[in-house]
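Okay, structure first, notes after.
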Amino acid sequence: MATAAERLANLRSSMSDERRYDPQEIEPRWQQVWADERTWEVSNDPAEAHGAPKSYVLEMLPYPSGEPHIGHLKCYAVGDAIAHFHRRLGHRVLHPMGYDAFGLPAENHAIKTGVHPRDSTAASIASFQRQFRAWGISIDWSRELGTHEPRYYRWTQWIFLQLLQAGLAYRKEAAVKWCPNDQTVLANEQVVDGHCERCGAEVEVRQLEQWFLRITDYAERLLSDLGDIDWPEHVKTMQRNWIGRSEGAEVTFRCVELGVDYPVFTTRPDTLFGATFFVMAPEHPDLLRLAQGTPYEQQVKDYINHALTESSEERGSLEQTKTGVPLGRTVTNPVNGEQIPMYVADYVLMEYGTGAIMAVPGHDERDHAFARAYELPIRRVIEGASEPAPPDFDAGKHGESWERSEQSLPYTGDGQLVNSHADFDGMHNREALSAIVQWLDREAKGHASVNYRLRDWLVSRQRYWGCPIPIVYCGDCGMVPVPQEDLPVELPDIEDYAPRGRSPLAAAEDWVNTKCPACGGDARRETDTMDTFVDSSWYYLRYCDAGNDQAAWDPTALHEWMPVDQYIGGVEHAILHLMYARFFTKALADLGHLDFQEPFRALFTQGMVTKDGAKMSKSKGNVVSPASIVERSGADTARCYILFVGPPDQDADWSDDGVEGVHRFLGRLWRLAVETAERAEVPAASDEADLELSRKAHWAIDKVSTDMRRFAFNTAIAAVMELLNECSRLRDQAAVSTQRFALSTAASLLFPFAPHVCADVYDILTGERVWEQPWPQAEPAMLEREVYELVCQVNGKLRDRVQAPADASPEELKELCLTAPNVQAHLDGKEIVKEIVVPGKLVNLVVR
RNA sequence: GCCCGGGUGGCGGAAUCGGUAUACGCAAUCGACUUAAAAUCGAUGGCCCGAGAGGGCUUGUGGGUUCAAGUCCCACCCCGGGCACCA
């Protein structure tokens, strides 16, 4: 590499009259330096840290499909800026990269084009690698991984077996979405309006044996530990809603005829006296037994069959009128001994609570709608103090008694209990709630209980392109885990990976037929693969010790780096990925493999990039390719623009004109640096201008430093623009040395956003490497001024501005304000009734 | 329906703790350089009135608190996102 002086000499001879900012020349040159010297690699050896604090900066790993898009550029531009900033603050930064390479899109693409997913994935990964290098992202490439590589998924399988051993993985029959045309199970995302995304056939529901992970065991901790992490509030709220904790009671209703107890979960035990019927979900296993021998037996069978084949979209529709069928049986309401009729209805969900509910039509909208449809009794048991009158209420006719009218039901608010029991009537419902639960507890008819919306995680996929589940089925031994030393169970390299009936792997006879690890007899492999979200639930751990082929990780390596200090990614992962990763961390910690509870200490979610206000999509033809921008304007321009256009956590609209503006700015910086580097040392023509430029540089250091910490990259870049504008304005008045200082400071501050041109500018001006310099420090003295502009207001309106000494007393400031010419004009004989003096800012005179 | 974001010039946006609204950039207009254009450099710029000095108005709408409100409070309108028969 030529020295700065040699390069300047070259520039002089090659472009005698004009220097052009040429990112195509600058960017590869610096990328080469960083690649040759492996600048961004970091070791796990704490001895090499020299006491520097660690910082793990991580962007969500990309799903390699096709070319990187503009959203990737934004994500990695944000992450790289933070990584660079932390390095310059003296931290040891881990900033790795990998690929979430298994999954349905690659497989569907493969089925469509006939290219094997292995090949299309490899091509896409190569394209991501090229782009990441071209963007100049500071990645530790020594830790690169792909979740589809056996050396990675060997440990995914190991984790699965750990969970199995701990009882956190289990098999259960479950209803899955089935496309009768493609003969395959579909993921929920592949079902669009009840139809197969690919062929359009109507989707059916099938009962199949599936693998689940017991995330529900962790519901409470996943909820409560949200308090310990620095995540955006809206993401935490989404997770809270998804976990959906409800407090209430479990209450037992007995079917005397059959002698069976049916517990229900309710959040409103205070309305128990208003329960006038009882409803079970169509999937409830006892329905046929209950209906047997009653006049409703056939109706119940028909209803169940119909309900189970209906798609969840149809069933879930709120508009749909409530349907159901009586079971011909009754249960006893435990609080008053009433016999209430039992129904089956599809508005009750089997997966929540106990799959059965007590129906209180007076105080629940759904139960009310059902009661109206089937003419069931509706009883008021709570009276609100300020219930709104029904729209058709006529005060003259009914007096004050409308509250008791059935017209105003259902009422879901708070109030006093009525029509319940002498012990509870008149009580406020909140008090009655706990009183009734205590009573139930004493009578052994119920108890306080908590329910969650969160369901266990269905992880099996009947698909080819995924991590095989390391299980073998033996005729004699049953289900046998593959021993750890036999891992990985490699995904066989089959040609016919199109799904037919069961998993495509079932057709790979050589692979499926195996020996039982326990008894050595004939056995068959599990043919389902794992959901891709399993692969990405632990990759951040593997980066810490990516080369380890003896274990998933060495605990000391994790101890060194985890948890991730700053995680960056799109909000679209607010629930699934971020919940699964938290679950894995907690489960692995419980199994003694980790010594921390939360994987991501801080989270930043970046906004979408749109074009003309719309999401970019191939069908709209409004896709902006990062590669073409980088080719035309350079990576520095592309990265800076995407951060300058607006706050990075908000959506941003792409504008080609805006890109031009940023490109001009970088060009101005570079040209002014080259010109200044060539100038001989000249003292300041104006000491005042010289000081002003120095001050502006220190102001920019201060401004950019605070903006970096609050992810306000747009205003940080604006501050460097202001500094550069000042450099241009004062170029002939300030000393050349001050110019050099100001320009190299600009480059130093902008380096996290535009690393190539800033490395070049810094080198040209100083001969030093900017990434090896500590982050600049503003001198406090340079941030203070001896005079400032005092704002003079009369009655809160700005009337004048005067120069005020920084150390002036409030009295002096008031006097200064009074002498301001335009203030005088507005006082004009009026009486000053109040004076507000805010030193450093303004004086406000209130006159009458 | 419920829960989150957001609404500021022609446009993207700034205003960090209630204290100069419109930083920075784009687009625009004018000027310099040029035979010319591009590139570059310099200047102007919220709206209305005024020759100017200056004045009035302005942060989705309507109210309120305050010496002072884009910022706080109340009510409403619009846009975007998440969840949605979870008992």
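A quick note: this is a predicted structure, and the numbers were derived from the prediction, not measured. These values consider heavy atoms only, across backbone and side chains, with no hydrogens, waters or symmetry-generated copies. Letters go in sequence order (proteins before strands), and every chain restarts at 1.
At G54(B), none of the side-chain N or O atoms of His826(A) fall inside 4.0 Å of OP1 or OP2 (strictly under the cut-off). Here Asn714(A) reaches the OP1 or OP2 of A14(B): one of its side-chain N or O atoms lies under 4.0 Å away. One finds no side-chain N or O of Tyr347(A) lying less than 4.0 angstrom from the OP1 or OP2 phosphate oxygen of A87(B). Remark: Ser246(A) is in phosphate contact with A87(B), judged by side-chain N or O atoms under 4.0 Å from OP1 or OP2.
The two residues Phe370(A) and Ala345(A) come nearest to each other via the heavy atoms CE1-CB, 3.7 Å. Scanning both residues, Leu672(A) and Cys727(A), for their nearest heavy atoms gives CD2-CB, 3.8 Å. The shortest non-hydrogen separation linking Gln239(A) to Ala574(A) is NE2-O, 2.9 Å.
Note: CG (Leu349(A)) to P (A84(B)) measures 11 Å, nearest angstrom. For the pair Phe713(A) CZ and U16(B) P, the computed distance is 18 Å after rounding to whole Å. The distance from atom NZ of Lys841(A) to atom P of G19(B) is 7 Å, rounded to the nearest whole Å. Separating the NE2 atom of His573(A) from the P atom of G82(B) is a distance of 13 Å, rounded to the nearest angstrom. For the pair Arg664(A) CZ and A38(B) P, the interatomic distance rounds to 12 Å; values are reported in whole Å. To the nearest angstrom, P of G19(B) lies 22 Å from CG of Asp800(A). One interatomic measurement links the two molecules: CG of Leu798(A) to C1' of G55(B), which rounds to 13 Å at whole-angstrom precision. At whole-Å resolution of the value, CZ in Arg453(A) and C1' in G82(B) are 11 Å apart.
Taking the P atoms as reference points, A53(B) lies 30 Å from G60(B), given to the whole Å. Atom P of U58(B) sits at a distance of 24 Å from the matching atom of A51(B), rounded to the whole Å. With both ends at atom C1', the span from G10(B) to C2(B) equals 38 Å, rounded to whole Å. Between the P atoms of A43(B) and C49(B), the separation comes to 28 Å (whole Å). With both ends at atom C1', the span from C4(B) to G9(B) equals 29 Å, rounded to whole Å.
In terms of position on RNA chain B, the residue among Ile717(A) and Tyr352(A) whose nearest nucleotide sits closer to the 5' end is Ile717(A). Position along RNA chain B of the nearest nucleotide to Ser655(A) versus Gly796(A) favours Ser655(A) as the more 5'-ward residue.
Backbone-only engagement by Gly661(A) is indicated by non-hydrogen atom pairs under 4.0 Å involving sugar-phosphate atoms exclusively. Nucleic acid contact for Arg668(A): sugar-phosphate only, since backbone atoms but no base atoms lie under 4.0 Å from a heavy atom of the residue. Arg455(A) comes within 4.0 angstrom of a nucleotide base, judged by non-hydrogen atoms across all strands. Within 4.0 Å of Asn795(A), counting heavy atoms only, lies no atom of the nucleic acid at all. Across all strands shown, Asp367(A) has no heavy atoms under 4.0 Å from either base or sugar-phosphate atoms.
In this structure, the side chains of Asp649(A) and Pro232(A) stay at 4.5 Å or more apart for every pair of heavy atoms.
Inspection of the Asn822(A) and Asp800(A) side chains reveals no N or O donor paired with an N or O acceptor under 3.5 Å. Checked by atom type, the side-chain pair Arg679(A)/Gln739(A) shows no donor-acceptor distance below 3.5 Å. Remark: the Asp261(A) side chain and the Thr252(A) side chain contain no N/O donor-acceptor pair separated by less than 3.5 Å. Counting only N and O atoms by type, the side chains of Thr216(A) and Asp456(A) include a donor and acceptor under 3.5 Å apart.
Atom CD1 of residue Ile340(A) and atom CG of residue Leu376(A) lie 10.0 Å apart, to the nearest 0.5 angstrom.
Taking the O4'-C1'-N9-C4 or O4'-C1'-N1-C2 dihedral as appropriate, G63(B) has a value more than 90° from 0 and is therefore anti. In this structure, C17(B) is classed as syn because its glycosidic torsion stays within 90° of zero.
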Contact state string [nucleotides 2-12 of chain B, B base, S sugar-phosphate only, - no protein heavy atom under 4.0 Å]: -SS-------B
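The base of U16(B) is paired with the side chain of Lys703(A) by a donor and an acceptor separated by under 3.5 Å. No N or O donor and acceptor, one from the side chain of Asp657(A) and one from the base of C26(B), sit under 3.5 Å apart.
Across all strands shown, G31(B) pairs with C41(B); the Watson-Crick or G-U wobble distances both stay below 3.5 Å. The partner of A68(B) cannot be assigned: no Watson-Crick or G-U wobble pair with both contacts below 3.5 Å exists in any strand. When both pairing distances are held under 3.5 Å, C2(B) makes a Watson-Crick or G-U pair with G82(B).
A heavy atom lying under 4.0 Å from RNA chain B marks the following residues of residues 718-725 of chain A, by number: Ala718(A), Met721(A), Glu722(A), Asn725(A).
Each of G82(B), C83(B), A87(B) was ranked by its minimum atom distance to the side chain of Met238(A); first place goes to G82(B).
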